[in-house]
Amino acid sequence: MPLSDFLKSLNILDPKKVKVIFEEQDNTLKIVVDGKVLSGLIPAKPFPITHPEFIIFRDSYGADLCIIKNYKELDDESIKNLKRLLDKIYFIPRILKIKKIETSGDEFLWDVLTDKGPRKFRTRGRMSVTQMGNRIVITDINDNVYEIEDIYGLDAESISEIEMTI
Amino acid sequence: MWQLIGEKRISNGMDSIRPLLHEGEEIIHYVSSDIDENGNFGERWLILTRDKIIILNPITKNIERIPLSEIRSASVKDYIGNSELILETHNGFRSAIRFSREHLDDFYNMAKIIDKIAKKELKPENVDSRVLEELLAKKSDVKKTQALLWLMGFLKPHIHYVILAVILSLSITALNLTPPYLMKILLDDVFAKRNISMLVYIVIAFISVYALNAGLSAAQNYTLSYLGQRIIYNMRVKIYEHLQTLSLAFYDRMTSGRVMTRVTDDVGRVQWFLTWGTQTLITSILQIMGIGVIIFSMNLNLALFALLPIPIIIVGIPLFRKRSHKVYHKAWRRWADVSSLLWDTIPGIIVVKTFTQEKFELKRLIERMTNLVKANLKITLLHIRFFPLLGFSISTGTAIVWWIGGHEVLKEQITFGSLVAFVSYMGMFYGPIQTISNLFEPLQSSLTSSERILEIMQVEPDIKDAPDAVEFTFKGAIKFKDVGFGYNPYIPVLSNINLEIKPGEKIGIVGPSGSGKTTLTKLLLRFYDPTEGAIYIDGVDMRKIKLKCLRSQIGLVLQDPILFYGSIAYNIAYGKQDATPEEIIAAGKAANVHEFAMNQPLAYDTNVGDRGWRLSGGERQRVAIARTILTEPKILILDEATSSVDTLTEKKIQEAMENLAKGRTTIIIAHRLSTLQNADRIVVMDKGKIVEVGTHEELMKSGGLYSQLYRAQFAEETITVGAIR
């Protein structure tokens with residue numbers, strides 16, 4: 001079967017025609033598109049690191065219903081509603097400052113300041129740190145995820161600490 | 001090497017061969033063997049002339065002549081530890097000559113020539129050096145000078161850094177020679193003459209020399225490291241680029257471990273040679289020359305005594321290295337014993353525990369560790385036996401100089417300062433001699449490494465684009481016409497394969513293991529070229545299609561797929577690097593990857609680990625199918641992998657494969673015959689030949705190999721199901 005057939009079945013929506021509404025009572029989303037309403041939806045990011053703007057809307061059974069390629073193209077109200085749920089599901093603190101990185105065996109002990117407050121965590125192995133250009137995504141030994149949006153946007157001490165280690 | 005000697009002996013022994021030839025009879029080719037007619041080690045020659053084969057024992061002069069006109073074919077039979085050349089004559093097959101496997105390639109080549117002549121494919125009178133060159137397998141023969149020149153080529157783009165490094169080395173050498181001279185002035189002019197004002201200048205001079213030395217050494221260090229890194233970068237990129245062009249046949253001959261050693265260890269050793277090795281050599285030679293000139297011009301008599309310990313250094317150090325090489329190797333092997341035990345037992349700890357063999361394994365480790373300790377102590381013993389002796393002989397030389405020089409000072413023939421300076425220079429003299437003696441072995445191993453790298457670089461890819469190769473979009477028709485193939489050209493794996501496949505047809509290939517199923521698909525991807533016949537795609541000979549065009553339109557899913565270090569998305573998009581996220585998801589859904597990918601911590605961005613170890617076998621298989629779906633190949637080759645997965649996973653893989661196969665020419669290598677019931681045709685292979693072709697029903701009716709295989713498998717599955725119930 002050609003790939004185009006599978007592409008069609010993905011149900012990719014035009015963000016300009018979509019309204020996202022937050023449903024308080026069950027912490028889900030409702031989508032209104034072309035007069036049709038889909039409710040009880042949970043957003044998921046299939047590429048939380050490489051394409052964080054790409055969203056799949058799934059029903060409560062985990063079945064994919066539709067896709068928005070870039071949620072930032074939605075209207076502001078919809079973005080706000082979507083982000084309320086996304087921020088809960090994807091708790092990826094942004095690292096603002098690296099106080100210290102200590103090495104112990106094959107582990108790194110990070111002492112950092114994030115946008116969600118100070119944090120110490122451990123990482124293990126080279127798979128835990130993914131660098132994409134100036135962006136770094138760090139997964140700790142408990143699968144918690146942290147992000148440095150731009151290494152060179154950090155202060156000089158943090159840059160030197162991270163360059164010495166990674 | 002032995003072969004060369006053997007051939008040289010034949011050349012030298014031509015005089016004894018001449019009488020065996022008639023007027024004008026020319027020798028085409030000759031090879032030497034190392035097993036005689038009685039089956040013992042001994043020399044024997046096989047000489048091919050335009051009329052006959054002469055087999056001669058040069059010692060016993062035992063001779064045999066076989067006219068070429070009597071020979072129908074020639075082949076080599078390979079046994080354990082030896083092989084033989086077999087000739088077919090009208091009387092049947094006969095053994096012509098036996099040889100150890102060392103000479104296998106030479107005799108394969110000889111058999112090839114004789115066989116071609118016997119089958120009238122080649123006329124003996126047409127065989128000249130050009131024909132021989134084409135017929136004979138190329139032998140890689142890298143010469144040391146060639147390797148050295150190749151290495152020097154890497155220095156060329158950075159010649160200014162090389163010059164800078166040499167200037168820095170020269171300056172450091174000159175600076176190192178200054179302190180003893182300053183010491184002489186200090187003793188003779190400052191202390192002896194109580195010249196306090198000069199003391200300041202001497203101290204400043206000392207500080208300046210040391211400061212300059214530190215600065216220049218840092219600069220030299222940086223220059224050499226920079227140079228080394230650039231060289232290693234260029235060399236690795238060049239080798240890797242070349243390795244990518246080489247065909248699979250190269251990787252069959254050379255294991256991946258050996259190839260990787262060339263890129264890692266060998267390049268490292270060569271880099272050391274080009275930077276530190278040559279610089280240390282140059283600096284040491286310059287230092288020896290500089291100090292030599294100084295001490296001989298200072299005091300000829302003392303200088304001669306200073307040379308006394310040198311023979312001990314020159315002879316002793318290489319001797320020590322020879323001994324130490326052995327003991328270090330032994331220690332290395334003992335360490336390998338320990339580490340292999342750890343590599344075995346730690347991953348296999350479940351077996352150790354199941355059989356309660358913890359104490360046994362501990363005992364084994366203790367034994368091996370004891371041997372390792374003993375081997376390491378041997379190294380220490382060797383060191384303490386040699387180095388104090390060397391140190392003592394050098395000190396004795398110095399003591400003699402103190403004795404003779406002391407007398408000269410007392411007789412006021414030389415100043416005390418001169419003697420102190422002389423002894424200091426003497427100490428500096430032995431250092432570079434020791435360094436040079438120590439350098440020989442690493443220099444030698446660097447050269448060997450460069451030869452090993454060059455050996456790879458000189459390999460030409462067997463499979464490459466023909467100059468008139470074409471590109472076009474495939475419809476998917478395949479035709480095998482009289483195809484024959486063998487990884488070793490003398491041992492056919494496939495023969496006389498004739499098969500036509502229509503566009504969009506679904507063909508199953510079945511047969512016992514070793515029947516040539518996988519080889520057939522490898523030919524289709526042109527990993528190898530058929531040795532006989534041809535394969536056509538849409539009527540075009542595959543050898544005339546551009547490789548990129550061919551391989552991008554044929555998809556292959558291996559039984560045990562290989563994934564790379566990176567995310568699931570990276571692996572799916574491997575064949576189409578510019579794939580959009582929605583294409584990756586579409587392929588993921590088609591291959592039943594989506595469900596498990598979305599359950600991973602970072603979904604499609606989750607890293608699969610080296611070779612995909614973080615995924616299960618079934619998951620890896622599906623990612624590989626998604627990877628192929630994304631490239632939308634016109635022809636598909638599926639090596640069905642259903643033997644090691646559970647029923648549910650098997651169903652998901654089957655579904656994924658069916659999604660992939662729809663509307664494409666598909667060749668399925670099936671291991672479970674039940675999955676082939678809806679194939680358009682089934683091709684049954686046995687011993688490299690197609691033995692049956694037909695639909696499932698037709699083949700079952702005919703009662704041939706397929707029906708036997710099917711019934712055997714069906715019975716097996718029934719028994720298994722029965723046993724589970």
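All figures in this text were calculated on a predicted structure; none of them were measured in a lab. No hydrogens, no waters, no symmetry mates; every other heavy atom, side chains included, goes into these values.
Other residues, nucleotides and ligands contribute only 12 or fewer heavy atoms inside 6.0 Å of the CD atom of A/E157. No more than 12 heavy atoms of other residues, nucleotides or ligands lie within 6.0 Å of CE in A/M164, so this atom counts as exposed by the packing criterion. Few gaps surround OH on A/Y90; more than 12 heavy atoms of other groups in view lie less than 6.0 Å from it. Within 6.0 Å of atom CD in B/E595, 12 or fewer heavy atoms from other residues, nucleotides or ligands are found, so the atom counts as exposed in its surroundings. Enclosure of atom CG in A/D76 is not indicated, since only 12 or fewer non-hydrogen atoms of other residues, nucleotides or ligands lie within 6.0 angstrom. Surrounding CZ of A/R135 are more than 12 heavy atoms belonging to other residues, nucleotides or ligands, all under 6.0 Å away. The 12-atom threshold is exceeded at CZ of B/F474, counting heavy atoms of other residues, nucleotides or ligands nearer than 6.0 Å. Atom CZ of B/F472 has more than 12 neighbouring heavy atoms from other residues, nucleotides or ligands inside a 6.0 Å radius.
Side chain of B/E582 to backbone of A/K69: no donor-acceptor contact under 3.5 angstrom is found.
Only the side chain of A/F54 has a heavy atom closer than 4.5 Å to any heavy atom of chain B. When heavy atoms are compared at a cutoff of 4.5 Å, B/I584 approaches chain A solely by way of its side chain, counted from C-beta outward. Neither the backbone nor the side chain of A/K8 comes within less than 4.5 Å of any heavy atom in chain B. Proximity to chain A (any heavy atom under 4.5 Å) is shown, for B/Q600, by neither the backbone nor the side chain.
Chain B forms the most heavy-atom pairs under 4.5 Å with one residue out of A/T130, A/D64, A/I67, and that residue is A/D64. Heavy-atom pairs under 4.5 Å with chain A were tallied for B/A603, B/P581, B/A587, B/G588; the largest tally goes to B/P581.
Expressed to the nearest 0.5 Å, how far CG of A/L7 lies from NZ of B/K589 amounts to 11.0 Å. Distance CZ/A/F6 to CD1/B/I629: 6.0 Å, rounded to 0.5 Å. One finds the CD1 atom of A/I49 at 4.0 Å from the CG atom of B/L602 (value rounded to the nearest 0.5 Å). In this structure, CG in A/L3 is found 7.0 Å from NZ in B/K576, a value given to the nearest 0.5 Å.
Residues B/D605 and A/P48 share a closest heavy-atom pair of OD2-N, 3.2 Å.
Within the 4.5 Å cutoff, no side-chain heavy atoms of B/Y570 are placed close to those of A/T50.
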Q.
Evaluate A/T139 against B/N607 for side chain to side chain contact (heavy atoms under 4.5 Å, CB included), listing each step before the verdict.
A. CA-CA 11 Å; A/T139 313; B/N607 197 314; over 6 Å; no
